[in-house]
Amino acid sequence: MSLCQAQLGTLAARGEVTAAVERQLRQRLRDNPSMSEIASTLHLGERTLRRQLAEEGTSFSQVHDRVRTEQALELLQDTGLTIAAVGWLLGFHDAREFRRAFKRWTGQTPSETRLRLA
């Protein structure tokens, strides 16, 4: 019962559309789906999705970055994965691109974060 209440609390805090976008992104993170692809999956127009996310106080890029950050932090705990492999699993085709994005998201490099998490 408390798990359901916690999930409902998260849904209410983030908003229904934001939660739906997060679910879609988590399922297809490696494919790095665009906003138009997610909107289509949710049977919405891109402009409608953008407007609904704005009404919930966020944007597609903010949700996408947050989902990627959360997943990256989880994957970095697996020391069997290289930094490049973590980036690839998050939809980055270049490890340098992943490192720059991760530093922008967290203020630390993936290597620094991995050491801190160990």
Side-chain angles (χ1 to χ4, degrees):
M1 180 77 165
S2 63
L3 177 60
C4 291
Q5 289 174 335
Q7 289 178 338
L8 284 173
T10 301
L11 180 64
R14 290 202 174 147
E16 188 175 324
V17 175
T18 302
V21 170
E22 287 176 354
R23 278 192 304 275
Q24 290 300 315
L25 286 170
R26 281 190 186 94
Q27 291 172 5
R28 301 172 21 202
L29 203 52
R30 188 181 316 173
D31 300 329
N32 194 21
S34 67
M35 183 163 74
S36 62
E37 291 170 325
I38 296 296
S40 177
T41 301
L42 297 175
H43 306 290
L44 297 171
E46 190 174 337
R47 289 179 67 191
T48 301
L49 178 58
R50 184 179 293 117
R51 180 178 43 77
Q52 289 181 354
L53 287 171
E55 288 172 1
E56 292 179 0
T58 193
S59 69
F60 180 78
S61 62
Q62 289 173 326
V63 175
H64 197 202
D65 287 350
R66 183 175 60 245
V67 169
R68 281 177 148 182
T69 302
E70 291 168 0
Q71 189 65 37
L73 290 170
E74 187 176 315
L75 291 170
L76 286 170
Q77 293 179 42
D78 181 353
T79 56
L81 290 173
T82 64
I83 301 296
V86 171
W88 182 79
L89 289 169
L90 297 174
F92 289 93
H93 299 292
D94 179 18
R96 290 174 298 179
E97 182 184 344
F98 167 61
R99 282 189 201 89
R100 282 193 296 271
F102 189 85
K103 178 122 181 172
R104 186 177 70 245
W105 301 332
T106 65
Q108 294 183 327
T109 66
S111 300
E112 291 168 342
T113 300
R114 179 171 267 173
L115 288 173
R116 183 178 54 81
L117 292 172

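In this chain, numbering begins with 1 at the start of the sequence shown.
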Within the supplied structure, the quantity of interest is the number of heavy atoms (other residues, nucleotides, ligands) at a distance under 6.0 Å from R47 CZ; does it exceed 12? no

Just so I know, are the side chains of V21 and T58 near enough to count as touching, which here means a heavy-atom distance under 4.5 Å? no

Here the pair of heavy atoms bringing S59 nearest to L53 is C-CD1, 4.1 Å

With sequence neighbours excluded, what pairs up with F98 under the ring-ring contact (aromatic ring centres under 6.0 Å, His included) test? F92, F102

Do L115 and L73 belong together in a cluster built from hydrophobic side chains that touch within less than 4.5 Å? no

Donor-acceptor check, side chain of T41 to backbone of E37, threshold 3.5 angstrom: yes or no? yes

Would you call R51 and E55 a salt bridge, using N to O less than 4.0 angstrom? yes

Got a second to check how far N32's CG is from H64's NE2, nearest 0.5 Å? 4.5 Å

For L89 and L81 the tightest heavy-atom approach is CD1-CD1, 4.1 Å

Taking E56 for the side chain and T18 for the main chain, is one N or O donor matched with an acceptor at less than 3.5 Å? yes

Determine yes or no for a side-chain-to-main-chain donor-acceptor pair under 3.5 angstrom, with R50 supplying the side chain and G45 the backbone. no

Which atom of L44 lies closest to which atom of T48, heavy atoms considered: CD2-CG2, 4.1 Å

Do the non-hydrogen side-chain atoms of L76 and I83 ever get within less than 4.5 Å of each other? yes

CD (Q77) and OG1 (T113) are apart, to the nearest 0.5 Å, by 11.0 Å

Taking atom types as modelled, is there a side-chain donor on S111 or T109 under 3.5 Å from an acceptor on the other? no

If you define the side chain from C-beta out and look only at heavy atoms, does anything of L25 sit under 4.5 Å from F60? yes

Which residue pairs pass the salt bridge (charged side-chain N to carboxylate O under 4.0 Å, His left out) test when at least one of the two sits in residues 99-111, sequence neighbours left out? none

State, to 0.1 Å, how close R114 and D78 come at their nearest heavy-atom pair, and which atoms those are. NH2-O, 3.0 Å

Heavy-atom nearest pair, Q52 first then V17, reads OE1-CG2, 3.2 Å

